[in-house]
Amino acid sequence: MTIHTTSTSRVGTEPPRLQQFVGGAWVASSGDSWIDDRNPSDASDLVAYVPEGAPEDARRAALAAAAAFERWSTITGVARADHLYRWSAAIGDRQEELAQAVAREVGKPIGEARGEVARCVAILRYYAGEAVREVGEVIPAQAAGALQFTLREPLGVVALITPWNFPLAIPLWKTAPALAFGNTVVLKPAETSSHVAALLAETASVSLPAGVFNLVPGSGPAVGEALLRAPEVSAISFTGSGRVGATVAAIAAERNIRYQTEMGGKNVAIVLPDADLAQAASLTAAGAMRYAGQKCTATSRVVVAHDVEGPFLAELRRQIDALVLGPVTAPNAAVGPLISEHARDSIRKTLGASDAERVYEGVVPDSADFANGWFLPPTVLRGAATDSELAQRELFGPVLTMFPADDLDHAIKLANDTAYGLSASLFTRDVRSALHYVKHIKAGLVRVNGDTTGVDPHAPFGGMKGSSSGSREQGPAAREFYTEIKTVQINP
Ligand code: NAD
């Protein structure tokens, strides 16, 4: 049976049963339970069967990664860079196929899916460069004539646990720095993005030595938790919900191993009276509604100065109208479906229970293209209490809640009034307002006249408060996480 291959099969062809990629070979998962992995734009399209998996699957992969670490950690940075360049080329060769697979499996509009693949190529090239940079620094010693310096060394086997919404980019922005600095990895992808993860492993298989990159699809509780507890694992990098992040942190603390958790957000845009309202509305609409609001950095609240609420809302409505809600392979689709029926129904329930005024409500067209997809129309609400579910909980859908503000300080107070602190934007033309906001906003990603989503792959990424713990990801911050320092003193 063909198991891990790149099936784009539709009706009439059996979907693939995913395997693990361990020690450079494709192997069947233990156990015989399978999870249906469906296309969110058309749930009648079964993308793959994902193994539920078992704890021994995780251990087997951790052992393979530990065996590969012996050699990978001792080859030169130049040699590791060559492998990463090779991997970026392997992904580049399959760009369109990968983008189509992302669109189909996680419901990402095709334009953004293509952007995600291009970003993966850029990530691998960036970290190939990082692999040949300095690995320590010279520090003057107290003892005369002594040479004192630091060496950055890899941690060992790193467990990577990832969500479904950036099914290629998040696994890669963890894997690439881990490998560049000499670690080996085991990736446990989300159940609903495991087919794309298998394609990523195919590109790794032609670029990397055996055992350096291992993939164990499976359920979080069965395989993910066993991976976190595998004795060979020396560090954990997790991205996902706060609920699972808390479990990850507890296990890492118990084991006294390094970890980072990137979690949810309740991201905010602030619009001041002097803002370019067309720009503010266009970027707020994009930040809130593109990919149906399913980015951790999506704008879910907008705080608008009283004076400009009316004209801002009028422009916001026009901008949201311009974003096409459609099956994700439509070339102009911008919004797309929710990841699951459960996600859609849970947001519907929250909206139904709220007495906030609906100031914008889109419609899902009544046509065959939408009949089997998990679509939810864009919605904007006003008048929600600041302690309500709408104001406080990460909904992860195309829902934006508007709050009026008296002035900049009031706006910042409202913006900071959540348990999260991932991303924030301010729209203004006044540099003093911008500087005041940069100082007082509690967010890891802070924008002025930009949308809350997106980040350059070479810039640190992460949040404050309940959005993250441990060090930042990406750019120079990744070196901090994926290496540890040895301080060496050589005396005459
Ligand atoms: P999730 O927390 O449900 O799952 C994330 C991963 O954890 C999956 O691989 C899952 O199988 C695994 N998992 C579940 N239970 C586990 C357990 N007991 N032990 C070990 N692993 C377990 O998240 P999701 O629904 O896949 O993704 C959406 C969430 O991710 C949102 O909250 C979003 O904000 C967040 N996210 C954050 C960032 C960021 O960088 N801050 C980026 C993307 C997504």
* Would Glu262 and Arg472 count as a salt bridge (charged side-chain N to carboxylate O under 4.0 Å, His left out) if you check the C-alpha gap in whole Å, the side-chain angles of each, and the deciding distance to 0.1 Å? -> CA-CA 8 Å; Glu262 289 297 339; Arg472 295 282 183 266; 5.2 Å; no
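- Contacts of Glu480 classified as salt bridge (Lys or Arg N to Asp or Glu O under 4.0 Å), with partners at least two apart in sequence or in another chain: Arg152.
- Checked by atom type, the side-chain pair Thr453/Asp451 shows a donor-acceptor distance below 3.5 Å.
- Considering CG of Leu187 and OG1 of Thr162, their distance stands at 4.5 Å, rounded to 0.5 Å.
- Side chain to side chain, Trp26 and Gln20 fail the donor-acceptor criterion of an N or O pair below 3.5 Å.
- Scanning all heavy atoms of the two residues, the minimum distance from Leu228 to Arg255 falls at O-NH1, 2.7 Å.
- In this structure, the side chains of Glu341 and Trp374 come closer than 4.5 Å at one or more pairs of heavy atoms.
- For the atom pair CG of Leu18 and CG of Asp37, the computed distance is 7.0 Å after rounding to the nearest 0.5 Å.
- Between Ser237 and Lys174 there is a side-chain heavy-atom pair separated by less than 4.5 Å.
- Lys295 pairs by the salt bridge (Lys or Arg N to Asp or Glu O under 4.0 Å) definition with Glu112, not counting sequence neighbours.
- Legend: residues meeting salt bridge (Lys or Arg N to Asp or Glu O under 4.0 Å) with Arg60, ordered by chain and number and at least two apart, are Asp57.
- Between Trp72 and His83, the angle of the ring planes lies from 30° to 60°, which puts this pair in the tilted group.
- Distance SG/Cys296 to CG/Leu445: 8.5 Å, rounded to 0.5 Å.
- Residues passing the side chain to side chain donor-acceptor pair (under 3.5 Å) test with Gln392, sequence neighbours excluded: none.
- Listed by chain and number, the residues in a side chain to side chain donor-acceptor pair (under 3.5 Å) with Thr299 are Thr452 (sequence neighbours excluded).
- Side-chain atoms of Arg104 and Thr329 form no donor-acceptor pair, as typed in the model, at a separation below 3.5 Å.
- Separating the CZ atom in Phe238 from the CD1 atom in Ile161 is a distance of 7.0 Å, to the nearest 0.5 Å.
- Using bins of under 30°, 30° to 60° and over 60° for the plane-to-plane angle, the ring pair Trp173/Phe166 lands in the tilted bin.
- A donor-acceptor pair under 3.5 Å is absent between the side-chain atoms of Gln260 and the main chain of Gly470, judged by distance alone.
- With salt bridges taken as basic N to acidic carboxylate O contacts below 4.0 Å, none links Glu105 and Arg38.
- Checking Thr203 against Trp87 by side-chain atom types alone, a donor-acceptor pair falls below 3.5 Å.
- Salt-bridge annotation for Arg229 and Glu254: present, with a side-chain N of the basic residue lying under 4.0 Å from a carboxylate O of the acidic one.
- Using the six-membered ring where Trp is involved, Trp34 and Tyr49 have ring planes that are perpendicular, over 60° apart on the 30 and 60° scheme.
- Phe149 CZ to Ile485 CD1: the interatomic distance, rounded to the nearest 0.5 Å, is 13.0 Å.
- For the residue pair Ser467 / Lys266, no side-chain donor-acceptor distance below 3.5 Å is found, with atom types taken as modelled.
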| salt bridge (charged side-chain N to carboxylate O under 4.0 Å, His left out) evaluation trace for Glu97 with Arg94 | CA-CA 5 Å; Glu97 175 200 355; Arg94 293 175 68 175; 2.9 Å; yes
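- By the salt bridge (Lys or Arg N to Asp or Glu O under 4.0 Å) test, Arg59 pairs with Glu232, sequence neighbours left out.
- Between Ala252 and Tyr259, the closest heavy-atom pair is CB-CD2, 3.5 Å.
- Residues Glu130 and Arg133 are paired through a salt bridge, judged by an N-O separation under 4.0 Å between the basic side chain and the carboxylate.
- Taking the six-membered ring where the residue is Trp, Phe181 and Tyr127 present perpendicular rings, their angle passing 60° and hence far from 30°.
- When the shell of 6.0 Å around CZ of Arg125 is examined, it contains 12 or fewer heavy atoms from other residues, nucleotides or ligands.
- Using a 3.5 Å distance cut-off with no hydrogens or angles, the side chains of Glu52 and Ser219 do pair a donor with an acceptor.
- Counting heavy atoms of neighbouring residues, nucleotides and ligands inside a 6.0 Å radius, atom NZ of Lys442 does not exceed 12 of them.
- Annotation for Asp366: atom CG does not count as buried by contact number, only 12 or fewer foreign heavy atoms lying within 6.0 Å.
- The distance from atom CG of Leu151 to atom CD of Glu134, rounded to the nearest 0.5 Å, is 12.5 Å.
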